[in-house]
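Below, each value reflects all heavy atoms present in this structure, side chains not excepted, and no hydrogens, waters or symmetry copies.
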Amino acid sequence: MSIKEIIALNEPFIYSELLKRGISMNTNTLETLVDQGTLQRKKIGRMNIYWKKEPTIENYPRGLESHIKQLELENRELKHELQAEREKVRKLSIQDGIDEPWKEAAMAMARILSEQKQVSLKEVLEYFNAPVESDIDF
């Protein structure tokens, strides 16, 4: 019964905690469980910490493998859809229609700066390496 109680524990424990909980067992039995692979152990100083070994894919029933493969396939499809959406957003951000409000705001700031500094708008745009468009009246 005490082995079932140990396997039922979800958090890590040390040997003295087992005794406090009323689970009577010797350390040789714990080492046997470690050797069998039921428990894992880590030695820190003079203290051994034990915990229940987490299940791995190999420990699952065979029916779950197909379910895992299906989920992996679905995950890959979702990643491809996400990548396609990101590509669409990137293409839209390159279009002039999206950049137009920013250009207007930058030009307004450049005009204000040129008036404050008493220099031409072309000089301000060249100073900031901004594209100088031919339709702007200087």
Side-chain angles (χ1 to χ4, degrees):
M1 171 89 179
S2 60
I3 293 176
K4 290 181 182 177
E5 290 174 329
I6 290 174
I7 294 173
L9 294 174
N10 291 328
E11 65 274 352
F13 58 90
I14 59 175
Y15 178 70
S16 60
E17 288 178 347
L18 290 178
L19 298 176
K20 288 178 185 176
R21 292 181 185 202
I23 301 173
S24 61
M25 177 175 283
N26 58 20
T27 56
N28 292 335
T29 309
L30 287 173
E31 293 302 320
T32 304
L33 290 173
V34 170
D35 292 339
Q36 291 174 354
T38 307
L39 293 178
Q40 290 183 331
R41 175 190 56 174
K42 172 87 174 169
K43 185 171 182 96
I44 300 176
R46 294 185 293 169
M47 180 174 36
N48 288 320
I49 299 175
Y50 300 93
W51 66 93
K52 182 171 55 171
K53 187 172 183 176
E54 294 297 322
T56 58
I57 293 177
E58 292 83 27
N59 296 343
Y60 287 116
R62 293 288 169 206
L64 289 179
E65 284 184 16
S66 63
H67 184 66
I68 290 171
K69 288 180 182 178
Q70 177 65 28
L71 290 174
E72 288 173 347
L73 177 65
E74 186 177 329
N75 188 17
R76 273 186 255 127
E77 289 174 356
L78 289 173
K79 283 181 181 179
H80 287 295
E81 288 178 22
L82 178 64
Q83 189 64 27
E85 290 297 320
R86 285 182 180 166
E87 187 66 25
K88 287 180 186 176
V89 169
R90 188 184 70 75
K91 286 180 182 178
L92 287 174
S93 67
I94 294 173
Q95 293 177 354
D96 288 337
I98 292 176
D99 293 336
E100 207 56 43
W102 292 104
K103 287 180 185 177
E104 292 172 8
M107 289 304 293
M109 289 190 303
R111 283 191 185 99
I112 292 170
L113 188 59
S114 71
E115 291 172 7
Q116 288 177 350
K117 298 295 181 180
Q118 297 297 318
V119 294
S120 70
L121 181 60
K122 183 176 182 178
E123 289 177 24
V124 172
L125 292 174
E126 288 175 351
Y127 179 79
F128 289 108
N129 293 328
V132 180
E133 297 176 4
S134 60
D135 58 13
I136 299 175
D137 55 336
F138 298 101

If the condition is salt bridge (Lys or Arg N to Asp or Glu O under 4.0 Å), which residues does Glu87 pass it with, not counting sequence neighbours? Arg90
Do Tyr127 and Val119 land in one hydrophobic cluster if side-chain heavy atoms of ILVMFWY residues count as linked below 4.5 Å? yes
Once rounded to the nearest 0.5 Å, what's the spacing between atom OH of Tyr50 and atom CG of Leu18? 9.0 Å
Electrostatic pair Glu72-Lys69, nearest N-O below 4.0 angstrom: no
To the nearest 0.5 Å, tell me how far Leu73 CG sits from Leu78 CG. 9.5 Å
Say whether Leu19 and Leu33 are linked into one hydrophobic cluster, either directly or through other cluster members, by side-chain heavy-atom distances under 4.5 angstrom. yes
With a 4.5 Å limit on heavy-atom distance, are the side chains of Val124 and Arg111 in contact? no
With a cut-off of 3.5 Å and sequence neighbours excluded, list every side-chain donor-acceptor pair involving residues 36-48.
{"unit_1": "Gln40", "atom_1": "OE1", "unit_2": "Trp51", "atom_2": "NE1", "d": "2.6"}
{"unit_1": "Arg41", "atom_1": "NH1", "unit_2": "Glu31", "atom_2": "OE1", "d": "2.8"}
{"unit_1": "Arg41", "atom_1": "NH1", "unit_2": "Glu31", "atom_2": "OE2", "d": "3.2"}

Transitive ILVMFWY side-chain link Ile7 to Phe13, under 4.5 Å: yes
At what distance, to the nearest 0.5 angstrom, does CD of Glu74 lie from CD of Glu77? 7.0 Å
Rounded to the nearest 0.5 Å, how far does NZ of Lys79 lie from CZ of Arg86? 10.5 Å
Can you check whether Phe128 reaches Leu113 side chain to side chain, under 4.5 Å on heavy atoms? yes
Could you list the donor-acceptor pairs under 3.5 angstrom formed between side-chain atoms of residues 22-29 and any protein atom two or more places apart in sequence or on another chain?
{"unit_1": "Asn26", "atom_1": "OD1", "unit_2": "Thr29", "atom_2": "N", "d": "3.0"}
{"unit_1": "Asn26", "atom_1": "OD1", "unit_2": "Thr29", "atom_2": "OG1", "d": "2.5"}

